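So the structure is just underneath, and the comments pick up after that.
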Amino acid sequence: MFEFNFEVNEPNSSDAGESPFDKPKLDQNRVDHQDGKQIDWYQAEQMEPTEEVLNSLDLYELNAKDLSIGSIEIRHLIAGFLLEDIKANNDEDNDGDIKKSEETHSDLIAGVYEGGAKVWECTDDLLLFLSKTFDQSYWKNKLVLDLGCGSGLLGIYALKSGAKVDFQDYNKDVLHKITIPNVLLNCKEELTDDEKMKLLKADSNFYAGDWSHFAKLTQNLEKYDIILTSETIYNIDNQQKLLDTCKSRLKPDGNVLIAAKSHYFGVGGGLEQFIDVVKCGKVFEVKKLWQADDNLKRGIIELKFQ
C-alpha cells in the first residue's frame with residue numbers, strides 16, 4: 001500500500017518510487033506556521049549553469065543510465081549515486097536541502113525541500129503518454145515549462161523533441177546538482193563544453209523558489225504553450241498556488257498536463273479532489289486523458305482556459 005514516511009532507497013535500488021511525502025500543513029502565504037515553527041518560503045530566482053557542472057560531467061556520464069521513451073533516448077543520473085554523492089559532499093556552496101532530507105529520511109520538509117531528487121511513477125506515466133500522443137513535429141517552436149521539474153525528465157523529453165524549455169523547481173540544489181547535469185547529459189556528444197553551455201542558455205532557463213514568487217518573477221516574460229507537471233498536487237494547501245501559477249504563465253490557447261495519483265495517503269490531496277478544486281475555480285476546463293487501473297490508481301489530466 002502507498003504510505004508516507006518511508007526509508008530512503010539504497011544506492012542500488014530503483015530510481016522510481018511511490019511518493020512518500022510527510023504530512024505538511026501549508027498555506028498560500030510566504031510565511032506560515034507548522035508545529036509552532038515559522039515557515040519562510042524561498043523567493044524565486046533564476047539559476048545560471050556553472051562551470052562546476054561541466055567539470056563534473058565525465059563523472060556524471062559514468063553514473064548515468066538511459067531511458068527510452070518512444071524514439072527519444074533520455075540519459076539521467078542514477079538516483080543512488082546522486083544521493084550518496086550529495087550526502088558525502090560538504091562543500092560550502094551546497095545549499096544542503098537534499099542533504100537535510102536524506103539525513104531526516106523524509107521526502108518533504110515544509111518550506112525547505114519538495115522531493116525533487118527522485119523520479120516518481122507519474123513522471124514515467126506522463127513521458128509515455130507524451131510519446132504516444134504527440135509526434136516530434138508537435139513540439140517545434142513550442143515554449144514549455146517543466147513545473148516542479150525535479151530531475152527534469154519531462155522537460156528534457158520536450159527539449160529533445162524540438163521545444164524550448166524552462167525548468168522550475170523549489171530547490172536550488174536540485175537544479176544545480178540534478179536538473180542541469182541531466183540536461184547537459186542529453187546534449188550531443190560531439191559538442192564542446194562551450195557549445196553545450198551556449199546551447200543550454202539559448203534553449204532553457206532555470207528557476208528556483210516558490211511557485212507564486214516564480215510567477216511574479218517571470219510575469220513580463222513570454223508565456224508558455226505547454227506546462228508539464230507531475231506529482232505536484234499532493235498538498236491540498238498548495239494546489240491553488242499551482243493553479244494561480246498556471247493561470248499567470250500559460251498562453252490563452254495553451255494547455256497544462258498534470259500527472260498524479262488518485263490519492264496521496266496521509267495528506268488528503270489527489271486527482272479527483274484536485275479536479276473539484278479546478279472546477280470550483282471556474283478558470284480552467286479539465287479533461288481526463290488517461291488512468292491506470294493498478295492497485296494505486298494514477299491519472300493524467302489536461303487543463304485549458306474556459
Side-chain angles (χ1 to χ4, degrees), residues 15-16 18-19 65-76 118-169 179 182-183 186 203-204 222-234 239 242-243 245-247 249-263 270-275 277-279 283-294 296-306:
D15 284 0
E18 296 172 348
S19 299
K65 70 177 187 178
D66 295 316
L67 176 66
S68 296
I69 305 295
S71 62
I72 301 293
E73 293 286 333
I74 297 176
R75 192 157 178 78
H76 66 97
K118 295 189 176 78
V119 180
W120 306 114
E121 298 152 314
C122 292
T123 297
D124 292 331
D125 293 337
L126 188 49
L127 283 169
L128 290 172
F129 178 84
L130 295 176
S131 71
K132 293 178 180 180
T133 306
F134 307 108
D135 58 33
Q136 282 191 251
S137 63
Y138 171 80
W139 301 97
K140 188 176 181 181
N141 299 321
K142 293 286 197 304
L143 183 58
V144 176
L145 173 63
D146 188 346
L147 187 64
C149 62
S151 296
L153 302 190
L154 296 172
I156 291 169
Y157 178 88
L159 196 62
K160 296 192 76 169
S161 297
K164 290 190 174 184
V165 181
D166 288 349
F167 297 83
Q168 185 280 335
D169 195 87
T179 315
N182 279 345
V183 176
N186 286 276
D203 289 346
S204 297
E222 182 181 356
K223 295 187 177 184
Y224 298 101
D225 298 290
I226 306 165
I227 297 176
L228 304 173
T229 189
S230 173
E231 305 268 22
T232 52
I233 65 165
Y234 54 89
Q239 290 176 354
L242 173 64
L243 289 171
T245 300
C246 292
K247 177 183 176 182
R249 300 300 302 130
L250 187 67
K251 290 181 179 178
D253 60 346
N255 63 325
V256 183
L257 297 179
I258 300 172
K261 293 182 174 68
S262 295
H263 187 70
L271 207 50
E272 296 300 327
Q273 172 271 330
F274 178 72
I275 289 173
V277 173
V278 175
K279 290 179 177 178
V283 173
F284 294 103
E285 59 183 33
V286 58
K287 180 180 180 182
K288 294 181 181 180
L289 300 178
W290 176 86
Q291 181 171 311
D293 291 323
D294 300 339
L296 177 61
K297 291 185 177 181
R298 310 182 306 279
I300 297 170
I301 61 173
E302 178 185 52
L303 305 185
K304 288 185 175 182
F305 285 115
Q306 291 184 352

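The model shown is predicted, which means the values in this text are computed figures rather than measured ones.
Applying the 6.0 Å contact sphere to NZ of Lys297 captures no more than 12 heavy atoms from other residues, nucleotides or ligands. A 6.0 Å sphere centred on NZ of Lys247 holds no more than 12 heavy atoms belonging to other residues, nucleotides or ligands.
For the atom pair Gln168 CD and Arg249 CZ, the distance stands at 11.5 Å (nearest 0.5 Å). Here CG of Leu127 is found 5.0 Å from CD1 of Ile74. Values are rounded to the nearest 0.5 Å. One distance of note links CG of Leu271 with CD of Gln291; it measures 7.5 Å at 0.5 Å rounding. Atom-to-atom distance recorded for Ile258:CD1 and Leu303:CG is 4.0 Å, nearest 0.5 angstrom. The CG atom of Asp66 lies 11.5 Å from the CD1 atom of Ile69; values are rounded to the nearest 0.5 Å. To the nearest 0.5 Å, the span separating CG on Leu159 from CG on Asp146 amounts to 10.5 Å.
Annotation: side chain of Val256 is not in contact with side chain of Tyr224 (no heavy-atom distance under 4.5 Å). Annotation: side chain of Leu130 is not in contact with side chain of Leu128 (no heavy-atom distance under 4.5 Å). Within the 4.5 Å cutoff, the side chain of Tyr157 has no heavy atoms near those of the Leu228 side chain. In this structure, the side chains of Leu67 and Glu73 stay at 4.5 Å or more apart for every pair of heavy atoms. Counting heavy atoms from C-beta on, the side chains of Val144 and Asp225 never come closer than 4.5 Å. Contact of the Val277 side chain with the Leu243 side chain is registered, since non-hydrogen atoms from C-beta on lie closer than 4.5 Å. Between Thr229 and Leu257 there is no side-chain heavy-atom pair separated by less than 4.5 Å. Using a 4.5 Å cut-off on side-chain heavy atoms (C-beta onward), Thr232 and Leu147 make no contact.
Exactly one of Val278, Ile227, Leu145 qualifies for a side-chain contact (heavy atoms from CB on, under 4.5 Å) with Cys246. That residue is Ile227.
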>> Test side chain to side chain contact (heavy atoms under 4.5 Å, CB included) on Ile301 and Leu289; report intermediate values, then the result.
In response: CA-CA 5 Å; Ile301 61 173; Leu289 300 178; 5.9 Å; no
>> If you apply the rule side chain to side chain contact (heavy atoms under 4.5 Å, CB included), what do you find for Ser230 with Leu154, and how did you get there?
In response: CA-CA 9 Å; Ser230 173; Leu154 296 172; 4.0 Å; yes
>> Lys251 vs Glu222, test: side chain to side chain contact (heavy atoms under 4.5 Å, CB included). Steps then yes/no.
In response: CA-CA 9 Å; Lys251 290 181 179 178; Glu222 182 181 356; 3.2 Å; yes
> Step by step, would you call Arg298 with Glu121 a salt bridge (Lys or Arg N to Asp or Glu O under 4.0 Å)?
Replying inline: CA-CA 9 Å; Arg298 310 182 306 279; Glu121 298 152 314; 5.0 Å; no
> What do the steps show when you test Gln306 against Val283 for side chain to side chain contact (heavy atoms under 4.5 Å, CB included), and what is the final call?
Replying inline: CA-CA 6 Å; Gln306 291 184 352; Val283 173; over 6 Å; no
>> The test is salt bridge (Lys or Arg N to Asp or Glu O under 4.0 Å); show your working for Glu272 and Lys288 and say whether it passes.
In response: CA-CA 10 Å; Glu272 296 300 327; Lys288 294 181 181 180; 3.1 Å; yes
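In this structure, a donor-acceptor pair under 3.5 Å is absent between the side chains of Ser161 and Gln136.
Looking at every heavy atom in both residues, Ala259 comes nearest to Leu126 through CB-CB, 3.9 Å. When all heavy atoms are compared, the tightest approach of Glu302 to Asn255 is OE2-ND2, 3.1 Å. Contact detail for Ser151 and Ile156: the closest heavy-atom pair is O-CD1, 4.1 Å. The shortest heavy-atom contact between Gly152 and Phe167 is O-CE2, 3.5 Å. The two atoms that bring Thr179 and Gly150 nearest to each other are OG1-O, 2.5 Å, heavy atoms only. Across all non-hydrogen atoms, the minimal contact from Ala260 to Cys122 is C-SG, 3.5 Å.
Of the possible donor and acceptor atoms, none in the side chain of Ser204 sits under 3.5 Å from a partner among the backbone N and O of Asp166. A donor-acceptor pair under 3.5 Å links the side-chain atoms of Asn186 to the main chain of Arg75, judged by distance alone.
Relative ring orientation between Trp139 and Phe134 is described as perpendicular, the plane-to-plane angle rising above 60° on a 0-90° scale split at 30° and 60°.
A cation-pi contact, defined as under 6.0 Å to the ring centre and within 45° of the axis, is absent between Lys140 and Tyr138.
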